[in-house]
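Okay, so here's the structure we're looking at.
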Amino acid sequence: NEIKIFSPATVANVACGFDVLGFCLDSVGDHMVIRKVEKKGIHISHIEGFDLPYETELNVAGVSALAMYNTLDLDFGFEIEIYKKIKPGSGIGSSAASAVGSVFGMNELLGRPFNKTQLTAFAIQGEALASKCEHADNLAPALFGGFTLVKSISPLKILDLPSPDGLYATIIHPQIEIKTSESRAILPTEVPLNKAIEQWANLGSLVHALHTNDFELIGDALNDVIIEPYRSQLIPEFKLVKEAALQAGALGVGISGSGPSIFSLSQGLDTANTVKEAIASVYKNTEIVFEIHVSKIN
Ligand code: HSE
């Protein structure tokens, strides 16, 4: 009647795949407890870690849970406890982890009536509360694991991509908050054709590289010529962090989701740890408080 779950952090966009590509981190995430209760409806009974609303309709986990609950005719309800570890506004899918966690847990307790794509569709409604728009590039990898590509939102189609063995992410998170809605508002609504060509060539190459375990091509393709020029201005020392990571052997570097976290990908744990030291030393020379994680992608 009760399930404890780990709901992982995720990196959306992955440089060239704005709003469609994402991957899952195995070392950072929230914990949640989902429980069947007699009282009908969805009730948030406990929140730890960050100050988030208890009202179901105002809570991301509550909204996605309700979206699922309302499609069913149940004579019982669910209670949700949230142990939030992922800081909201950090760029590693904090709202997505909440949105996914509740529906995943409920689905397990109900004997899995829904598949992962259907769960993502419910979670989109929770995510939309936080980001003010519907996108699934953090939700899909949190549910499917590894890399995913959201082919379309309507109808929702998610491609479960392979992750080459030995691919690691290093994520640095300067402790400032950037709201997704705000970092979307600064983006242009039109892009020049030459930039679009470069970006989709990179995205296609990256997907090919994941299928062929081509680490060199992963590095070559991890380039964002459309979004990064705008958003990088919101991130302290972005250029220095990027240079340090590449010098330390990272395959490529980019903004994680809507920032301010910065991700880099490396081949092998040793390189990922060297990158960790290198980028940490950039922020150690400043006043910026930060967290840093290394995670295998699988
Ligand atoms: N694709 C989204 C963005 C992810 O970059 O705005 C953040 O939720």
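Heavy atoms only: backbone and side chains are in, while hydrogens, waters and symmetry mates are out. Just so you know, ligand 1 is whichever comes first in the structure, and atom 1 is the first atom listed for that ligand. The structure presented is a predicted model; accordingly, all values stated were derived computationally and were not measured.
- Within ligand 1, counting atoms from 1 as listed, the ones closer than 4.0 Å to a heavy atom of Asn13 are 1 (N), 2 (C), 3 (C), 5 (O).
- Between Lys85 and Glu291 there is no salt bridge, since no side-chain N of the basic residue sits under 4.0 Å from a carboxylate O of the acidic one.
- Only side-chain heavy atoms of Asp137 come within less than 4.0 Å of ligand 1; its backbone N, CA, C and O stay farther off.
- Taking a cut-off of under 4.0 Å to the non-hydrogen atoms of Thr180, the atoms of ligand 1 that pass are 6 (O), 7 (C), 8 (O).
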Quick one: side chains of residues 138-154, donor-acceptor pairs under 3.5 Å with protein atoms, not counting sequence neighbours, listed by atom name and distance.
from   : atom 1 : to     : atom 2 : distance (Å)
Asn138 : ND2    : Thr10  : O      : 3.4
Asn138 : ND2    : Thr10  : OG1    : 2.9
Ser152 : OG     : Pro155 : O      : 2.5

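- Set against the non-hydrogen atoms of Asn138, the atoms of ligand 1 under 4.0 Å away are 4 (C), 7 (C), 8 (O).
- Atoms of ligand 1 found under 4.0 Å from any heavy atom of Asp19 (numbered from 1 in listed order, with element): 1 (N), 2 (C), 3 (C).
- Here the CG atom belonging to Leu109 is positioned 8.5 Å from the CD atom belonging to Glu2, to the nearest 0.5 angstrom.
- When non-hydrogen atoms are compared, ligand 1 lies under 4.0 Å from neither the backbone nor the side chain of Ile227.
- In this structure, Ile235 CD1 and Ser261 OG are separated by 8.0 Å, a value rounded to the nearest 0.5 Å.
- Close approach of ligand 1 to Phe18 is summarised as follows: ligand atoms under 4.0 Å from at least one heavy atom of the residue are 3 (C), 5 (O), 6 (O).
- The heavy atom nearest to atom 5 (O) of ligand 1, considering only Arg184, Arg231, His135, Glu127, is found in Arg231.
- Ring geometry, His46 versus Tyr83: the interplanar angle falls from 30° to 60°, so the pair is classed tilted.
- Classified by interplanar angle (parallel below 30°, tilted 30° to 60°, perpendicular above 60°), the ring pair Phe290/Tyr283 is tilted.
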